[in-house]
Asker: 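Mind having a look at this structure? Questions to follow.
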Amino acid sequence: MEHRISAAIQAAAGIQAPALVRPAADTKFGDYQANGIMAAAKHLKTNPRQLAEQVVAAMDVDDVSEQPNVAGPGFINLRLKDSFLAERLMGMHRDTDRLGIDKTETPRSVVVDYSGPNIAKQMHVGHLRSTIIGDCIARLYEFAGHRVIRQNHIGDWGTQFGMLIAYLKEQYPHILENPASVHIADLEAFYQNAKRLSDENSAFAAKARQEVVRLHNHHPDTMAVWKHIVEQSRQHYQPIYDMLNVTLKPEDERGESFYADKLANVVEELKAKGLAVESDGAICVFPEGFKNKDGQPLPFIIQKSDGAFLYATTDLAALRYRLFELKADAVIYVTDARQAMHFQMLFAVARMAGWVNTETLLEHVSFGTMLGADGKPFKTRSGGTVKLKDLLQEAVERAKAVVEQKNPALSAEQKEKIARAVGIGAVKYADYANNRNSDYVFSFDRMLAMDGNTAPYMQYAYARIKSIERKAAGKEVDIQQELDGIPTVLLTEPEEKELAKLLVRYDQAIAAATAEYRPNYLTGYLYDLAQAFSRFYTACPVLTAEPQHRPTRLLLCDLTARTIRHGLSELLGIEVPEQM
RNA sequence: GCGCUCGUAGCUCAGCAGGAUAGAGCAUCGGUUUCCUAAACCGAAGGUCGCAGGUUCGAGUCCUGCCGGGCGCGCCA
């Protein structure tokens with residue numbers, strides 16, 4: 001539609017201008033409106049209404065829309081033909097995999113860097129947003145048909161590991177003989193204990209420093225202990241990924257250790273290109289446009305005065321690897337907003353080094369902070385960081401209490417399964433539903449509410465449809481047969497039409513969410529859809545509908561269920577139980 | 001000081017390269033259940049979109065200044 005109206009503008013006015021087709025502001029105007037004519041008219045210095053008339057005359061939309069009309073200062077209003085809606089719905093019906101949504105014509109290789117926990121510590125709420133927003137972006141790009149390479153840039157290297165290795169050796173003298181026998185039950189306590197010892201005992205601190213050196217030299221004993229710590233840590237965070245239904249796998253890990261032996265080379269390359277220079281003893285690149293407090297050029301420090309490398313160096317090495325080894329033509333970083341300047345500088349240095357061309361997409365997708373009810377960063381009552389595991393468990397427990405209350409007849413296993421889907425889904429959905437740029441206030445009560453834009457509301461809508469399907473046989477309705485033999489799509493009730501119009505809009509919601517890395521566009525759409533379904537459900541009986549209406553209503557139910565399931569399950573990684 | 005970001009209903013938030021009368025949910029008030037899950041649906045009320053200018057046919061959206069919150073700004077990540 002966008003394309004056709006743009007073509008009509010081209011034909012009528014001789015200029016390239018976007019039609020700017022949007023859902024109509026008010027249904028009394030129609031279903032869609034084209035806003036682009038006024039801008040085009042301004043550009044041409046002509047009367048917008050006149051131009052709109054000309055564009056309408058040049059438009060070829062008979063198969064899609066009723067006769068378009070010009071309104072207001074130069075809007076073109078469009079009302080979808082029932083025949084077009086019917087055709088689109090049938091198209092969705094026939095496409096069992098993708099609901100009629102095409103893949104991109106220009107697939108790219110897209111690296112998505114997300115989650116990136118520091119594996120010396122337990123995952124806490126601070127890791128949640130990067131992990132799930134990044135996962136959604138990866139899923140969206142994959143669905144669009146791109147080649148997605150997930151990269152979990154875990155913090156598995158650096159000075160703190162010297163301390164941990166020394167501590168583990170001291171606690172478990174036999175670790176080298178039988179590493180498998182050593183389990184770290186509580187990562188957080190392990191880290192804290194090691195740190196305390198390091199702070200208080202200078203002899204131990206010296207050992208820790210020695211282990212850092214051995215680590216850099218890949219000393220076999222030290223490496224064995226290091227590997228064990230990484231392995232132990234993975235056993236703590238992989239279950240959290242599984243619980244969150246996040247698609248990251250161990251093979252997506254490309255942590256700091258992976259780049260450790262590539263850092264010196266990065267510095268050499270930047271020096272050789274004349275970009276890296278010494279300043280106050282450190283090796284720095286000074287990208288244009290960055291200033292410090294005193295208005296002086298701000299350095300991107302890639303080697304400290306003591307010769308050590310920093311995370312800037314690691315990020316450069318990782319970016320180079322992704323561009324040249326992984327052959328990425330897009331690299332998307334999903335981290336909190338505080339690192340915005342770091343990434344701007346990183347990208348600037350990559351451009352200075354000639355690593356990217358104009359086609360390469362480097363993107364920092366940032367997000368705000370999770371706040372507590374008091375409006376301050378989310379903490380435990382005593383002020384500590386909230387462990388992700390604890391947060392998710394509490395969500396599941398609260399959900400379980402609700403299931404228990406609302407649907408006590410279900411079996412224990414069903415309740416457990418539903419509580420998990422609802423609890424975890426609620427936490428994820430609440431995050432996705434917010435504009436990621438904003439800080440947002442975390443509230444179990446709100447995210448677990450059955451009203452409003454929440455996971456449970458969506459899951460409930462889905463469960464109601466599945467319930468209809470279960471009841472069908474008892475009422476001697478063969479859904480499959482009616483859908484297969486559907487004679488015509490008959491949309492008579494306003495609730496049916498509204499639902500149908502929303503269903504055919506799914507592709508646009510996905511496109512908008514993908515283009516701007518904004519999962520909340522998707523949740524917003526899904527909520528609209530679920531609301532439209534609830535209205536339809538209230539107003540239009542399905543199983544007891546008259547024979548000429550029933551196939552269409554079954555189709556609307558089926559497509560709504562498939563769309564909700566696809567959106568929640570495939571794109572957001574939120575489970576949709578069959579009943580709740 | 002400079003930069004980024006946010007400021008929309010009592011509360012929590014949407015608002016998709018400017019578009020018609022700014023939308024939800026919660027809370028408040030009122031209504032709907034012999035009928036496929038009422039965990040739902042319908043309605044009412046609630047707004048100088050932080051403030052002031054500007055750009056134009058049109059600004060919550062763009063520009064400038066100011067106010068307020070958060071974050072960042074040379075050897076942490």
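The shown structure was predicted, so the numbers you read here are calculated from the model rather than taken from an experiment. A, B, ... follow the sequence lines: proteins, then strands. Residue 1 opens every chain.
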Asker: Scan residues 419-450 of chain A for pairs that pass ring-ring contact (aromatic ring centres under 6.0 Å, His included), counting only residues two or more places apart or in two chains.
Answerer: Phe378(A)-Phe442(A), Phe442(A)-Phe444(A)
Asker: Strictly under 4.0 angstrom, non-hydrogen atoms only: write out the protein contact profile of nucleotides 8-14 of chain B, one letter per nucleotide from the 5' end, B, S or -.
Answerer: ----SSS
Asker: Using a cut-off of strictly less than 4.0 Å between a heavy atom of the residue and any atom of RNA chain B, enumerate the qualifying residues of residues 35-43 of chain A by number.
Answerer: Asn35(A), Met38(A), Ala39(A), Lys42(A)
Asker: Apply salt bridge (charged side-chain N to carboxylate O under 4.0 Å, His left out) to Glu578(A) and list each qualifying residue two or more places apart in sequence or on a separate chain.
Answerer: none
Asker: Between the protein and nucleotides 30-38 of chain B, list every N/O to N/O distance that falls short of 3.5 Å.
Answerer:
residue: rC36(B); atom: O3'; partner: Lys471(A); partner atom: NZ; Å: 3.1
residue: rC36(B); atom: O2; partner: Leu543(A); partner atom: N; Å: 3.2
residue: rC36(B); atom: N3; partner: Val542(A); partner atom: N; Å: 2.9
residue: rC36(B); atom: N4; partner: Tyr537(A); partner atom: O; Å: 2.7
residue: rC36(B); atom: N4; partner: Cys540(A); partner atom: O; Å: 2.7
residue: rU37(B); atom: OP1; partner: Ser467(A); partner atom: OG; Å: 2.1
residue: rU37(B); atom: OP2; partner: Ser467(A); partner atom: OG; Å: 3.0
residue: rU37(B); atom: OP2; partner: Lys471(A); partner atom: NZ; Å: 2.4
residue: rU37(B); atom: O2'; partner: Tyr460(A); partner atom: OH; Å: 2.1
residue: rU37(B); atom: O2'; partner: Arg464(A); partner atom: NE; Å: 3.2
residue: rU37(B); atom: N3; partner: Met580(A); partner atom: O; Å: 3.0
residue: rU37(B); atom: O4; partner: Met580(A); partner atom: N; Å: 2.9
residue: rU37(B); atom: O4; partner: Met580(A); partner atom: O; Å: 3.4
residue: rA38(B); atom: OP2; partner: Arg464(A); partner atom: NH2; Å: 2.5

Asker: Applying salt bridge (charged side-chain N to carboxylate O under 4.0 Å, His left out), name anything that partners Asp451(A), two or more places apart in sequence or on another chain.
Answerer: none
Asker: Summarise protein proximity over nucleotides 60-65 of chain B in one line of letters, 5' to 3': B for base, S for sugar-phosphate only, - for none, counting protein heavy atoms closer than 4.0 Å.
Answerer: ------
Asker: Output all residues satisfying salt bridge (charged side-chain N to carboxylate O under 4.0 Å, His left out) with Asp445(A), sequence neighbours left out; order by chain, then residue number.
Answerer: Arg398(A)
Asker: Toss me the dot-bracket line for RNA chain B: Watson-Crick and G-U wobble, both under 3.5 Å, 5' to 3', using | for pairs to another strand and [ ] for crossers.
Answerer: (((((((..((((.....[...)))).(((((.......))))).....(((((..]....))))))))))))....
Asker: Are there any protein N/O atoms within less than 3.5 Å of an N/O atom in nucleotides 44-46 of chain B, and if so, which ones and at what distance?
Answerer:
none

Asker: Output a table of nitrogen or oxygen pairs between the protein and nucleotides 75-77 of chain B separated by less than 3.5 Å.
Answerer:
residue: rC75(B); atom: O2; partner: Ser305(A); partner atom: N; Å: 3.0
residue: rC75(B); atom: N4; partner: Asp280(A); partner atom: O; Å: 2.8
residue: rC76(B); atom: OP2; partner: Lys304(A); partner atom: NZ; Å: 2.5
residue: rA77(B); atom: OP2; partner: Tyr311(A); partner atom: N; Å: 3.3
residue: rA77(B); atom: O3'; partner: Glu256(A); partner atom: OE2; Å: 2.8
residue: rA77(B); atom: N7; partner: Tyr311(A); partner atom: OH; Å: 3.4
residue: rA77(B); atom: N6; partner: Tyr311(A); partner atom: OH; Å: 2.4
residue: rA77(B); atom: N1; partner: Tyr311(A); partner atom: OH; Å: 3.4

Asker: Sequence neighbours excluded, which residues qualify as salt bridge (charged side-chain N to carboxylate O under 4.0 Å, His left out) partners of Asp439(A)?
Answerer: none
